[in-house]
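Notes follow the structure.
Predicted model, so just to flag it, every value in this text is computed and none were measured.
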Amino acid sequence: MKTFPVLPLFFLATLVATNQASDGAVSHQIHLLRPKTGSHGSHVPGVSCLSWRLGVETHNIIGWKTIPAACEGYVGHYMLGHQYRKDSEAVIYEAHLYAKSLNLTNDGKNLWVFDVDETTLSNLPYYARHGFGVEVFNPILFNEWVSKSTAPALPESLKLYKKLLALGIKVAFLTGRPESYRKATETNLKNVGYHTWETAILKDSSYAGKTSLFYKSSEREKLEKKGYRIIGNMGDQWTDLLGTNAGNRTFKVPDPMYYIS
């Protein structure tokens, strides 16, 4: 596995801590900022890494297995830098505008579905330590990380979660994490501020061999059969948002680190 130097100029010791900026403003970070080597000018054949990321987010580049080697550093810089946060803020801003514009029936059936990994919880501390790209992904190490229940919240998503509750909208978490990690996942969610939810759905053995698209569509269908109205649906993967019973409106938060089918 590649190792990358820590750049002291960019070092921000932040996980869930709150730091005081030089101008007196409060700065909230979700990771230990350790930029990877590589530049924004790195290229893959025929396209810049910035354009490659745009293609991923717009679902024009699909079915990829790994981040192009030339773009690993670029993706690391993006995820650990300010632009990722700015892009997330833009998504959450639109989601909140939409939610508060609705004239909702107050019957307890209005539901917002959130994905977990890279949507409500951030695994950036793990990837900053172990590297970006599927080629360095180690499921054993990642599951050990999940078991610790220490993933920070994506701050923008946590803000939206609180605003939705204030609007009387209930929340459901729908994750591809296995059912065996329910306790660790629920503990982690509560520890970082997601204190209440209508239901948390984790993947059980009945979906073995099934795609994420099939699993999430099926579980959303079950929710609607129970009488819930999915008025909003947010995830970092297109498989969180496509398929059946996707909800009245979907919102994708950025994630160029991996692709799930």
Do any N or O atoms from the side chain of Trp145 and from the backbone of Tyr127 form a donor-acceptor pair under 3.5 angstrom?
no
Test Val192 against Leu158 for side-chain contact (heavy atoms from CB on, under 4.5 Å), laying out the working first.
CA-CA 9 Å; Val192 297; Leu158 182 57; 5.6 Å; no
Is the charged tip of Arg53 near the ring of Tyr74: under 6.0 Å from the six-membered ring centre and within 45° of its axis?
no
Criterion side chain to side chain donor-acceptor pair (under 3.5 Å) against Lys216, the qualifying member of Thr239, Asn245, Asp115
Asp115
Side-chain (Thr105) to main-chain (Asp107) donor-acceptor, under 3.5 angstrom:
no
If we ignore hydrogens and angles and just use 3.5 Å, is the side chain of Asn143 paired with the main-chain N or O of Ile140 as donor and acceptor?
no
Establish, for the pair Lys210 and Phe214, whether the NZ or CZ atom is under 6.0 angstrom from the six-membered ring centre and no further than 45 degrees off its axis.
yes
Polar side-chain atom of Thr58 near backbone of Leu54 as donor-acceptor pair, under 3.5 Å:
yes
Do Arg220 and Leu111 come close enough that some side-chain heavy atom pair is under 4.5 Å?
no
Decide if the gap between the ring center of Tyr228 and the ring center of Trp112 is smaller than 6.0 angstrom.
no
Do Glu156 and Tyr93 have side-chain N/O donor and acceptor atoms under 3.5 Å apart?
no
Shortest non-hydrogen contact from Ala184 toward Ser149
O-OG, 2.8 Å
Of all the heavy-atom pairs spanning Ala95 and Met234, show the shortest one and how long it is.
CB-CE, 3.8 Å
Side-chain contact, heavy-atom cut-off 4.5 Å: Asn233 with Phe251?
no
Evaluate the criterion side chain to side chain donor-acceptor pair (under 3.5 Å) for residue pair Tyr194 and Asn188; output intermediate values, then yes/no.
CA-CA 9 Å; Tyr194 300 100; Asn188 199 158; over 6 Å; no
With no hydrogens and no angle check, do the side chains of Asp204 and Ser206 hold a donor and an acceptor under 3.5 Å apart?
yes
Please say whether more than 12 non-hydrogen atoms of neighbouring residues, nucleotides or ligands are located less than 6.0 Å from CG in Asn106.
no
